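Have a look at the structure below, then the notes.
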Amino acid sequence: MTRIFSFEDLPTADLVVDAIYEGGSARNTGSDPIAKLLPGSGNQGGFRASGAGAKKKFVVLYSSGEEGDWPDRLDLNTGQFVYYGDNRTPGHDLHDTTRRGNLILKAAFESAHGDATKRSQVPPFFVFTKCPTAKSNRSIQFKGLAVPGFPGLPMTEDLVAVWKTTSGERFQNYRAVFTVLNAATIPRGWINSLNSQEIA
């Protein structure tokens with residue numbers, strides 16, 4: 001049976017792969033479970049990053065599974081996770097997005113392809129999907145801890161700007177490929193240490 005963490009228990013809960021984290025009962029963003037589970041991440045959007053400026057302590061990638069034009073998907077056998085960026089409407093540059101999600105992707109993948117010092121600057125990515133429960137439509141499921149890139153995939157193919165046409169207007173968005181690591185549980189202590197670290 002799938003483990004379910006109540007909204008009240010989220011501040012002290014570990015992250016367990018495939019466990020469900022329930023949202024609150026209020027009809028506003030105060031019921032968002034991610035903000036309570038991972039303080040500093042915010043309560044809206046697909047990209048939720050902790051840390052000011054270019055360097056991030058961690059990044060949450062949230063997928064509702066409801067964007068037909070941008071089909072995020074996780075291969076449960078290989079751990080490959082495909083996630084689309086946040087430039088999803090015409091009239092904006094690839095990196096000109098409200099939550100700066102595409103800039104986060106660009107920086108993370110560039111660092112992942114760099115030397116050891118650069119790679120150490122890649123923030124951890126926590127992957128969640130929408131998973132409504134009887135208690136809350138905002139409930140989520142944790143899918144794993146991810147890192148940029150995928151074994152055997154060239155660095156020219158793990159972050160690609162793809163074209164989309166909507167109402168006759170063309171624009172670009174990122175298609176990013178991550179690897180979900182074989183880590184069944186992310187301890188609360190480690191999560192707390194991420195938030196307490198100082199980023200230069």
Side-chain angles (χ1 to χ4, degrees), residues 1-7 10 13 15-38 41-50 58-90 92 97-102 104-105 108-109 123-150 153 158-166 171-184 186:
M1 177 177 286
T2 302
R3 186 173 183 182
I4 299 177
F5 289 87
S6 70
F7 187 66
L10 299 189
L15 293 179
V16 180
V17 169
D18 287 345
I20 294 171
Y21 297 84
E22 289 196 310
S25 56
R27 296 181 179 274
N28 55 45
T29 55
S31 288
D32 179 79
I34 294 176
K36 195 165 185 180
L37 188 61
L38 294 165
S41 60
N43 55 23
Q44 294 183 68
F47 284 90
R48 308 189 190 191
S50 174
F58 64 83
V59 180
V60 170
L61 300 178
Y62 170 74
S63 178
S64 68
E66 298 169 352
E67 293 278 355
D69 289 340
W70 309 103
D72 304 327
R73 67 179 184 277
L74 172 61
D75 187 319
L76 298 178
N77 294 316
T78 66
Q80 185 182 87
F81 178 57
V82 176
Y83 191 77
Y84 287 88
D86 59 352
N87 190 36
R88 301 189 174 189
T89 55
H92 298 277
T97 60
T98 302
R99 302 193 70 82
R100 300 294 186 257
N102 280 355
I104 291 171
L105 290 178
F109 278 79
F125 287 80
F126 299 112
V127 178
F128 292 90
T129 56
K130 184 175 182 178
C131 189
T133 60
K135 288 188 176 181
S136 177
N137 189 51
R138 292 179 178 269
S139 298
I140 55 172
Q141 186 171 40
F142 179 57
K143 304 309 290 187
L145 175 65
V147 294
F150 188 76
L153 189 66
D158 56 13
L159 182 67
V160 179
V162 296
W163 286 97
K164 170 76 176 170
T165 302
T166 299
F171 63 102
Q172 287 182 302
N173 194 17
Y174 275 136
R175 176 185 181 273
V177 182
F178 291 83
T179 299
V180 174
L181 302 177
N182 185 21
I186 309 301

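Along the sequence shown, the residues carry numbers beginning at 1. Computed from a predicted structure; not experimentally measured.
For Y62, the ring-ring contact (aromatic ring centres under 6.0 Å, His included) test picks out no residue, with sequence neighbours left out. Among residues two or more places apart in sequence or in another chain, the ring-ring contact (aromatic ring centres under 6.0 Å, His included) test is passed with F5 by Y21. Residues meeting the side chain to side chain contact (heavy atoms under 4.5 Å, CB included) test with A184, sequence neighbours left out: none. The side chain to side chain contact (heavy atoms under 4.5 Å, CB included) search around L153 returns F150, E157, D158, V177, not counting sequence neighbours. Qualifying ring-ring contact (aromatic ring centres under 6.0 Å, His included) partners for F109, counting only residues two or more places apart in sequence or in other chains: F178. Listed by chain and residue number, I186 satisfy the side chain to side chain contact (heavy atoms under 4.5 Å, CB included) test with A183 (two or more places apart in sequence, or in another chain). Judged as a ring-ring contact (aromatic ring centres under 6.0 Å, His included), and not counting sequence neighbours, the contacts of Y83 are F47, F81. Checked against side-chain hydrogen bond (donor to acceptor under 3.5 Å, both in side chains), T97 has the following partners two or more places apart in sequence or in another chain: D86. Residues forming a side chain to side chain contact (heavy atoms under 4.5 Å, CB included) with S6 (at least two apart in sequence, or on another chain): E8, D9. Contacts of D32 classified as salt bridge (charged side-chain N to carboxylate O under 4.0 Å, His left out), with partners at least two apart in sequence or in another chain: R48. The side-chain hydrogen bond (donor to acceptor under 3.5 Å, both in side chains) check on N87 picks up nothing, with sequence neighbours excluded.
Identified under the salt bridge (Lys or Arg N to Asp or Glu O under 4.0 Å) test for residues 130-148, with sequence neighbours left out: D18-K143, E66-K130.
Note: L37 CG to F128 CZ = 5.0 Å, rounded to the nearest 0.5 Å.
In this structure the side chain of L145 reaches within 4.5 angstrom of the side chain of F126, judged on heavy atoms. Within the 4.5 Å cutoff, the side chain of D69 has no heavy atoms near those of the R88 side chain.
Counting heavy-atom neighbours within 6.0 Å of N28 CG, excluding the residue itself, gives a total above 12.
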